[in-house]
Amino acid sequence: MPIKISLPDGSAKLYDQPVSALRVAEDISPRLAEAALCAELEGALVDLEHIIDHDAKLVLHTFKTETGKDIYWHSTAHLMAQAVKQLFPEVKVTIGPAIEQGFYYDFDRDKPFTEEELEQIEERMAFLAKQNLPYARKEISKAEAMEVFAKMGEDYKLEILGEIPDTDVISTYTQGDFIDLCRGPHLPHTGKIKAIKLLKSSGAYWRGDEKNKMLQRIYGISFPSLKELDQYLEFLKQAALRDHRKLGKDLDLFSINEDIGPGLVLWHPNGAMIRHLIETYWKEEHLRRGYKLVYTPHVGRANLWETSGHLGFYKENMYAAMDVEGADYYIKPMNCPFHIAIYNSNLHSYRELPIRLGELGTVYRYERSGVLHGLMRVRGFTQDDAHIICTPDQLNDEVEKLIVFSLDMLKHFGFREFLIYLSTMPDEAVGDPADWDTATQSLRASLEKIGLEYQVDAGGGAFYGPKIDIKIKDALGRAWQCSTIQFDFNEPTRFNMHYIGADNAQHRPFMVHRAILGSVERFFATLLEYHSGNLPHWLAPVQMMILPITEAQLPYARKLEEDFRLKGLRCEVDSRSEKIGYKIRDAELKKIPFMCVIGKKEEESGTLTLRQHTVGDLGAMSFEDVLSRVLSDS
RNA sequence: GCUCAAGUAGCUCAGCAGGUAGAGCACCUCCUUGGUAAGGAGGAGGUCAUCGGUUCGAGUCCGAUCUUGAGCUCCA
């Protein structure tokens, strides 16, 4: 009875006796056999050496698939551990997984690895790679494994082994003189690893717990060719140029001042203009969708925060109380208690619901000094916050509208790729688990109805309710949370919120917290990085620079400036006594979307010559043409 | 908060066998009035993050503090 191996393209191969995955690859094409890194058999990942002895679906992974990259980098991590053990035998190995871009391995060592040592390790890795050492899998019992790693003094491996059930089969992978506890699979041999770069080293706690010992982590990346490595290093270089902290300085958008305090942002005129444009658009969109805008204070009495539960659940993120005539006041870390107070200031009928209260509310949270990062992570920031108070049967509809609203708004700013997460009940939570389940299902149903791909973050919800988060990526591909839609079981009860139902009885409303941009600061940073500072022209602080060729055109330039401004265009005149090339260069570096060159010709013919940032000369056109072109949204 | 690294003019950086600071750009003045990414000359600008120590003498060595960066942990 032949063995039938089904392939992803729908075809199949028949074999009379068991074959290795590699053999199947060879039979498909020699090139595939060369490129193949590991195999997936009926959804389970296995080595290429794995012998297939029954009918099965087979997928071969190369460096082109995520799984292929994963295996490739994981094997490189093992190679790094081998090199480190050879060079520094006293070091203990711990764990070394593949990550989104590369891999790391944590080592227990007294002192950090220096740059020179990283180079040494990198060289040793290249040397070992060239030897084509096979990654040999071996399955042993837990007892045997304990003995092997105890003999080597690898305490961390023993700790990991200790948590594996006694009956499980343990696998080890050995390449050359290095043996590691590992589930696998791995590359067939080290020779597949052609280009290696160790990027940085830093401290990392064992198992990510700051109570544990700090280990030395080395990050690296590898590729099947030098060309791909060079491309990646070039990408890192380009990403650094798009860093919002650099752009913020270059374009004079914002600063953070040591004397004022870390994590506290100063918005310069150009940055403030962009923020104003974002916020104006935000307000208009919210009014269009039935939101009511509110304003609330920055501080509130201790009693308020006790009622809300923040002093119980959120105190470590709040700043110390300030004394006002003997009463404690806290600066707000969230806006919700204030919005609830507005709701509670009146009696509400079910006919009024849903009520949607929105505010660009500035909050202050204590963040540990080590986590601050440009505008991405600060101590004072403005949330585009809103609270939706609705009846239980309005919930699904509201959540759905919210998801659509969020995506629409993010798309309007140019974003196209989103990571969506559904976060469920954490260990420490308030509310009835049955309610949690209902709300979580509602969030899930909305996501599925709209047809969005999402990941479940089990236990990642807030203490007060489950949530949907939408993240967007920065220049380096790091994801930052923007939109968040959070269900709240906590505060409606604590603040005794209610509405009068059709039955003339009091009912508890449902409440949803939500932010679309997240924080204006973080959103602004991701926006800058996404567009490399070349903002869509509706967001540019200066949309057009008027450049007179000589001082003789200055009066005409001033007149145009005024005319354009009256039409709602943000423009300025570069009146310096410099050559046109110099003024163009300057406007280009400032990433101003349009330049309007005014010379003798233009003044006499009444036309304008337009130039677009990064595009170049667009030729002569009329005042109206320039206007419509510059004011268009795209 | 933890580990490591760094902090010199508005910006980017040089200076480090310890002998009281330098470049380019930006800025100001003057000359030049020039058609699509830098015209020329001159000038001004720094208690070398802060505080303390070692030394005849410290940007340079040591310590503490503050801030920044890369991670860890945590989050909008």
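Quick note on labels: first sequence line is chain A, next is B, and so on, each numbered from 1. Values in this document were obtained by computation on a predicted structure and should not be read as measured data.
Minimum atom distance to the side chain of A:K600 is reached by B:G35, of the listed B:G35, B:C72, B:G34.
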task = Using the side chain to side chain donor-acceptor pair (under 3.5 Å) rule, take A:T296 and A:H339 through it: C-alpha gap first, then chi angles, then the decisive distance, then the call.
result = CA-CA 8 Å; A:T296 65; A:H339 291 190; 4.7 Å; no
request  = Applying side chain to side chain donor-acceptor pair (under 3.5 Å), run through A:E234 and A:Q238 and close with a yes or a no.
outcome  = CA-CA 6 Å; A:E234 179 60 23; A:Q238 293 302 322; 2.8 Å; yes
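The aromatic rings of A:F487 and A:F489 sit tilted, their planes meeting at an angle between 30° and 60°. Ring planes of A:F235 and A:Y232: tilted class, angle from 30 to 60°. The aromatic rings of A:F623 and A:F564 sit parallel to each other, their planes meeting at less than 30°, with 60° as the upper class boundary.
Contacts between residues 257-269 of chain A and RNA chain B, defined by a heavy-atom separation below 4.0 Å, involve A:E258, A:P262, listed by number.
Heavy-atom distances to RNA chain B give each of A:V597 and A:E521 a nearest nucleotide, and the one nearer the 5′ end belongs to A:V597. Comparing A:E588 and A:K200 against RNA chain B, the residue whose closest nucleotide sits nearer the 5' end is A:E588.
Contact annotation: A:R522 does not reach the phosphate of B:C75 (side-chain N/O to OP1 or OP2, under 4.0 Å). When the side-chain nitrogen and oxygen atoms of A:R365 are compared with OP1 and OP2 of B:C75, none of them lie within a distance under 4.0 Å.
Distance A:Y582 OH to B:G40 P: 11 Å, rounded to the nearest Å. Between the CG atom of A:D106 and the P atom of B:C4 there is a distance of 16 Å, rounded to whole Å. A straight line from OH of A:Y104 to P of B:C4 spans 20 Å, rounded to a whole angstrom. Rounded to an integer number of Å, the gap from NZ of A:K111 to C1' of B:C4 is 14 Å. Computed from coordinates, the A:L372 CG to B:A76 C1' distance equals 13 Å when rounded to whole Å. Here B:A5 presents its P atom at 11 Å from CD of A:E115, a figure rounded to the nearest Å. In this structure, NE2 of A:H373 is placed 12 Å from P of B:C72, rounded to the nearest angstrom. The nearest whole Å value for the distance from the CZ atom in A:F463 to the P atom in B:C74 is 18 Å.
Of the P atoms belonging to B:G45 and B:U32, the separation is 28 Å, rounded to the nearest Å. The same atom, P, is picked in B:G15 and in B:U8; the two are 13 Å apart, to the nearest Å. Comparing the C1' positions of B:G46 and B:A41 gives an interatomic distance of 25 Å, to the nearest angstrom. Of the P atoms belonging to B:C31 and B:G69, the separation is 46 Å, rounded to the nearest Å. One C1' atom belongs to B:G10, the other to B:C28, and the distance between them is 14 Å to the nearest Å. With both ends at atom P, the span from B:G1 to B:A64 equals 15 Å, rounded to whole Å. Comparing the P positions of B:C72 and B:C56 gives a spacing of 48 Å, expressed to the nearest Å. To the nearest whole angstrom, the two P atoms, one in B:G35 and one in B:G22, are 39 Å apart.
In this structure, A:R611 fails the cation-pi test against A:F594, since its NZ or CZ atom is not both closer than 6.0 Å to the six-membered ring centre and inside 45 degrees of the ring normal.
Looking at residues two or more places apart in sequence or on another chain, you find a side-chain contact (heavy atoms from CB on, under 4.5 Å) between A:P593 and A:H537, A:A540.
Atom CD of A:Q486 sits about 9.0 Å away from atom SG of A:C336, to the nearest 0.5 Å. Taking CZ from A:F107 and NZ from A:K92, the interatomic distance works out to 14.5 Å, rounded to the nearest 0.5 Å.
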key: Strand RNA chain B in bracket notation, Watson-Crick/G-U under 3.5 Å with | for pairs to another chain   = (((((((..((((.....[..)))).(((((.......))))).....(((((..]....))))))))))))....
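The number of heavy-atom neighbours closer than 6.0 Å to CD of A:E90, taken from other residues, nucleotides and ligands shown, is above 12. No more than 12 heavy atoms of other residues, nucleotides or ligands shown are found within 6.0 angstrom of CD on A:E100.
Within 4.0 Å of A:R576, counting heavy atoms only, lie sugar-phosphate atoms of the nucleic acid but no base atom. At a threshold of 4.0 angstrom between heavy atoms, the contacts of A:V378 include nucleobase atoms, whether or not backbone atoms are also involved. If you check every strand for non-hydrogen atoms under 4.0 Å, A:S201 touches nothing. Across all strands, A:G361 comes closer than 4.0 Å to no nucleic acid atom at all (heavy-atom distances). Nucleic acid contact class of A:G581 (heavy atoms, under 4.0 Å, all strands): sugar-phosphate only. Using a 4.0 Å heavy-atom distance criterion, A:Y219 is classed as a sugar-phosphate-only contact. Residue A:K467 is classed as a sugar-phosphate contact, given heavy-atom separations below 4.0 Å to backbone atoms only.
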Please tabulate, one pair per line, each protein N/O and nucleotide N/O from nucleotides 9-14 of chain B that are separated by under 3.5 Å, including the distance.
from	atom 1	to	atom 2	distance (Å)
B:U12	OP1	A:K249	NZ	3.4

Please list, pair by pair, any protein nitrogen or oxygen found under 3.5 Å from a nitrogen or oxygen in nucleotides 1-3 of chain B.
from	atom 1	to	atom 2	distance (Å)
B:G1	OP2	A:S369	OG	2.3
B:G1	N7	A:G370	N	3.1
B:G1	N2	A:Y205	OH	2.8
B:C2	O4'	A:Y205	OH	3.4
B:C2	O2	A:Y205	OH	3.2

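For A:E551 against B:G34, no side-chain N or O and base N or O form a donor-acceptor pair under 3.5 Å.
Aromatic pair A:F381/A:Y364: centroids not less than 6.0 angstrom apart. Residues A:W73 and A:H78 keep their aromatic ring centres 6.0 Å or farther apart. In this structure, A:F415 has its ring center under 6.0 Å from that of A:Y530. For A:H244 and A:F524, the distance between ring centers is not under 6.0 angstrom. Between A:F413 and A:H531, the distance from one ring center to the other does not fall under 6.0 angstrom.
Both thresholds, 5.5 Å between centres and 30° between ring planes, are met by A:F381 relative to the base of B:A76, so the two rings are stacked.
Judged as a ring-ring contact (aromatic ring centres under 6.0 Å, His included), the pairs with a partner in residues 198-219 of chain A (not counting sequence neighbours) are, in order, A:Y104-A:Y219, A:Y156-A:W206.
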